[in-house]
Amino acid sequence: MIELEKTYDHSKVEEKIYSQWLESGFFNPDNLPNAETREPFTISLPPPNVTGTLHMGHAFEDTIQDIMIRYERMLGKKALWLPGTDHAPIATESKVAKLIEKEEGKRKTDFSREEFVSKVKEFAQTSHDTIVKQVRSMGASVDWSREAYTFDDKRNLAVRTAFKRMYDQGLIYRGFRVVNWDVKGQTVISDDEVVYVERPAKLYTFRYSKDFPITISTTRPETKVGDTAVAVHPEDDRYKQFVGKEYDAEFCGVPIHIKIIADKTVEKDFGTGALGVTPAHSMTDAEIARRHNLPSKAIINEYGKMTVGDERILNKKTAEARESVVLWLNEQGLMEKEEDIQQNVATAERTGGIIEPLPKTQWFINVNKEFPLPHSELQGIKEGEMVTLKKLMRHVVENGQIKIAPERFEKIYYHWIDGLRDWCISRQLWFGHQIPVWYKGDETYCDINPPKGEGWVQDPDTLDTWFSSGLWTFSTLGWPEQTSDLKTFHPTSLMMPGYEILFFWVARMILMSTYLLGQIPFKQVVLHGIVRDSKGRKFSKSLNNGVDPLDMTSKYGTDALRMALVFGAAPGNDTIFDEQKVKGMKHFANKLWNIARFILSNEDVVRPFMGIKEANKSADYITLAPITDADKEILAKLDEVIKNVTSHMEAFRLHEAAQEIYQFTWHELADIYLEKSKDQLQNKELKDSTLLTLNFSLLTVLKLLHPFIPFITEEIWGKLSQKELLIVANWPK
RNA sequence: GGGCGGUUAGCUCAGCUGGUUAGAGCGCUGCAUUCACAUUGCAGAGGCCACAGGUUCGAAUCCUGUACCGCCCACCA
């Protein structure tokens, strides 16, 4: 007779069980029973940023991946879940800069680069330790022995190697062009990091000067001091007569020279149908200027201040300069109209600052350049075949080597690729992988290691965080070295990120892996949604609606939180976090506990139990007559549940799987069969078969539930004096 | 401007390839407490599955359209 306490107390169990798992070594696939013959199954953990603590979204992500890896481990796979963290330069650097300003009253520029970077590294280390604790407390069965960091030495070598290869093949180049400058973050960012925010704005309609023949409309009159042309549609009869003519004017004290040009991209119906072209401070205008060979005149600097004109605008911020220009236009009688409109303003994803398009020299990855693929294990593309990075990214999804679920995201992915422009990878930050390029006079040197000799200066810029994240699936396995891990575990099997990083990360991993390894990075992507608060809002600092996963786990238990997060969460759909749900799942855990308590309270339980522990199918016991209809029924239902849960797992319908076992456990096994068994246990003839049925049902339910609620199931399993841990038990068939 | 998703019980959501009286959790109502569990059990109320057409023997599920809500993308300044 085995006695359990009346209620399940997660606080006494979770640390103990996690330690048992760690001691067993089974998180490391090399230590699994019969590891040599197992088929590899790999998940790379999307590395959380080392900017602080984890939120409910991370808890959700950890949960669904842990469910999959535990399931695959029980299926007999050589299951590797590789953890790590991301140095996330923009977020981390700005976070530390803020902290220093608050605590020491100093600014980033008061320190040397080395001093500042070491402070950031210190912060990142603390943050890392917190994150590890949190991942651990979620019960994540990650292989800590293989933990990686996007900014450690091994990953740095991978980054330099990748850069060098792309540079040598002409896929990375340095170019001067209009880029997205984040005034607040003081760095360039890529197109994907630009977020458009709709805001009310004024649309001004005016002429440059009294004798200028065309009126133009703009929301940014201050930039007109940098105009070099006015563009109209080629078929606009109003303006045909002026095309090709050139005019001089003085605009708010600044002399300008304007050429009238015709370009198809101009909308006849917007504003006056004439567009003032500012080649230095607008991406679109820069493209028009390139088509028409127009000169470009920079008039705004990195601080968002005007660099031309007199005291009315010089050194003023653009918004202030705008007021001055508007005043001048009105004074001169040049203003025709001021209208209120809604406008999309470009802001930086991380800092929220305004994007000021500026002409600058930066590093880019050319996504359209044709080149021979150095090595290929991809289906449908041969080694040496001419490809572009865009083509590679599209191809592997199109021909099904990589599957994206839910399927609708494949279309979104293609659409993104089709509109993709060269990827700006340099950042004016200190914390990050410094670009492995050195200069001396007119010479440029790119290599994995610095050049020998005196006088070389390394490019001060660092790389976009997604450059190193793009290497994640293989840099974590030892690349560029040809390690046995790389051979065994790459391509990885499954990737489970949020849909919001499909472009940022998933696409970049596909780019890097197909190019550098000639392999897909993963076979299957399952995108999950965002966890929102009970009112459907995103969790955010400004709303102060955050819920700390650790509070939930200590209050209700990790199992309860995991089950609550996965219950009702369909792939790709956002989910609402509700504390009530966690509470309900704590009740479920307690229910399971009491089912076990009842079964184990029978004195004879050990004897029949020992007899069935090796078996895996209910069919094996049905033959053990006498057996009642109730026995048959519960065993038949159990078979069906096994079948259904397995098929849900295979299709990543974790929410369906969870619901199915929940229903069975509570409302079939506990509510119906357990009650009937009470009578049967009184009958000597039926006692043995009843105990067999009870035990078999419990064992099976524990197995089925283990990926979802690993702690309590392992704890009960342990009470059943099993030789092996549940974590490596066989998935029922 | 283009694309995508949502609209199912009071609330939050499932419903996989169309098939018996549409499900869950929470909440609500009534009854039950020494017998695994009150973190409980039993019983129950509650839904023209957004709307309008169509396909089908049969539609919450497929097609067309409409209306709201939300998201993504985009060089209308």
Side-chain angles (χ1 to χ4, degrees), chain A residues 3-4 6-8 178 191-192 195-196 201 203-205 216-221 223-224 227 230-231 263 265-278 282-288 341 343-344 346 357 406 408-409 411-416 418-421 499-500 502-503 529-530 532 534-536 556-557 560 563-564 567-602 644 647-648 650-653 655-660 662-663 666-667 670-671 674-675 677-678 694:
Chain A
E3 279 204 56
L4 296 187
K6 198 167 174 180
T7 55
Y8 172 64
V178 177
D191 294 341
D192 291 287
V195 178
Y196 291 90
L203 181 68
Y204 303 95
T205 302
I216 56 164
S217 298
T218 181
T219 52
R220 302 195 61 187
T223 64
K224 300 295 102 181
D227 281 12
V230 162
D263 195 283
T265 61
V266 178
E267 293 282 332
K268 281 193 282 191
D269 301 328
F270 186 88
T272 61
L275 166 68
V277 182
T278 323
S282 156
M283 298 235 182
T284 28
D285 291 8
E287 275 169 36
I288 293 174
I341 60 160
Q343 190 197 206
N344 278 335
R408 65 172 185 271
F409 286 102
K411 261 188 276 178
I412 297 174
Y413 173 78
Y414 295 139
H415 185 246
W416 176 81
D418 294 342
L420 190 61
R421 293 186 288 185
Y499 61 70
E500 74 274 13
L502 176 62
F503 308 143
I530 296 167
R532 297 171 180 277
S534 59
K535 288 176 185 143
Y556 302 105
M563 197 71 173
F567 222 72
N573 286 3
D574 292 352
T575 53
I576 301 256
F577 175 81
D578 184 2
E579 191 170 337
Q580 280 305 308
K581 210 157 136 189
V582 188
K583 195 179 163 192
M585 291 306 162
K586 187 188 174 182
H587 297 175
F588 174 66
N590 193 60
K591 189 74 185 178
L592 179 65
W593 183 258
N594 274 290
I595 291 170
R597 186 161 173 256
F598 169 75
I599 293 174
L600 292 173
S601 68
N602 290 284
N644 290 343
S647 88
H648 288 317
E650 291 298 323
F652 314 106
R653 293 188 297 262
H655 60 300
E656 292 285 324
Q659 195 152 325
E660 179 103 18
Y662 178 101
Q663 281 305 307
W666 199 317
H667 302 300
D671 288 350
L674 237 67
E675 292 306 320
S677 77
K678 287 175 186 171
L694 282 170

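In this text, all values refer to a predicted model and were calculated from it rather than measured experimentally.
Ranking B/A14, B/A74, B/C37 by closeness to the A/Glu656 side chain, first place goes to B/A14. Counting only heavy atoms from C-beta on, A/Asn590 has its side chain closest to B/U39 among B/U39, B/A77, B/C75. Between B/C16, B/A24, B/U39, one nucleotide has an atom nearer to the side chain of A/Gln663 than all others, and that is B/A24. The A/Glu267 side chain lies nearest to B/A77 when the options are B/A77, B/C73, B/G41. Counting only heavy atoms from C-beta on, A/Lys411 has its side chain closest to B/C4 among B/A14, B/C4, B/U39. Set against B/C42, B/A36, B/A14, the side chain of A/Ala570 has B/A14 as its closest nucleotide.
Pair assignment for B/A67: B/U7, on the basis of Watson-Crick or G-U wobble contacts that are both within less than 3.5 Å. Across all strands shown, B/G46 has no partner, as no Watson-Crick or G-U wobble contact with both distances under 3.5 Å is found. Pair assignment for B/C62 gives B/G54, based on Watson-Crick or G-U wobble hydrogen-bonding distances that are each under 3.5 Å. Under the Watson-Crick or G-U wobble criterion, with both distances below 3.5 Å, B/A32 is paired with B/U40. In a base pair of the Watson-Crick type (N1 to N3 plus N6-O4 or O6-N4) or a G-U wobble (N1-O2 and O6-N3), with each distance short of 3.5 Å, B/C13 is matched with B/G23. A 3.5 Å limit on both hydrogen-bonding distances identifies no Watson-Crick or G-U partner for B/C76.
Proximity of A/Trp666 to the phosphate of B/A24: no side-chain N or O atom is located under 4.0 Å from OP1 or OP2. One finds a side-chain N or O of A/Asn573 lying less than 4.0 angstrom from the OP1 or OP2 phosphate oxygen of B/A14. Look at A/His667 and you won't find any side-chain N or O under 4.0 angstrom from OP1 or OP2 of B/U40.
At a cut-off of 3.5 angstrom, the base of B/A36 holds at least one donor-acceptor pair with the side chain of A/Glu675. Within 3.5 Å, a donor on the side chain of A/Lys591 pairs with an acceptor on the base of B/C37, or the reverse. At a cut-off of 3.5 angstrom, counting only N and O atoms as typed in the model, there is no donor on one side facing an acceptor on the other between the side-chain of A/Lys6 and the base of B/A36.
If you check every strand for non-hydrogen atoms under 4.0 Å, A/Asp269 touches nothing. Note on A/Ala589: nothing from the nucleic acid sits closer than 4.0 angstrom, heavy atoms only.
Straight-line distance between the C1' atoms of B/G1 and B/C75: roughly 12 Å, to the nearest whole Å. Comparing B/A36 with B/G30, their C1' atoms sit 25 Å apart, to the nearest whole Å. Of the C1' atoms belonging to B/C11 and B/U20, the separation is 30 Å, rounded to the nearest Å. Of the C1' atoms belonging to B/U7 and B/U12, the separation is 14 Å, rounded to the nearest Å. Look at the P atom in both B/G6 and B/C63: the space between them is 11 Å, to the nearest Å. B/A9 sits 14 Å from B/C48 when the C1' atoms are compared, rounded to a whole Å. Between B/G10 and B/C49, the distance separating the two P atoms is 13 Å to the nearest Å.
A/Tyr499 has its side chain out of reach of A/Ile412: every pair of non-hydrogen atoms, C-beta onward, lies at least 4.5 Å apart. Annotation: side chain of A/Leu592 is not in contact with side chain of A/Trp666 (no heavy-atom distance under 4.5 Å). Counting heavy atoms from C-beta outward, A/Asp191 and A/Met283 have side chains that approach closer than 4.5 Å. Here the side chains of A/Leu674 and A/Leu694 are in contact, with some heavy-atom distance below 4.5 Å.
For A/Thr278 and A/Asp227, the side-chain atoms include at least one donor-acceptor pair closer than 3.5 Å.
When all heavy atoms of A/Val266 and A/Gly273 are compared, the pair lying nearest together is CG1-O, 3.5 Å.
A/Glu660 and A/Arg653 are not joined by a salt bridge, as no carboxylate oxygen comes within less than 4.0 angstrom of a charged side-chain nitrogen.
As a whole-Å value, the separation of A/Ile530 CD1 from B/G5 P is 17 Å.
Between A/His415 and A/Arg408, the residue whose closest nucleotide on RNA chain B is further toward the 5' end is A/Arg408. The nearest heavy atom of RNA chain B to A/Gly584 and to A/Trp416 marks one nucleotide each, and the one closer to the 5' end goes with A/Gly584.
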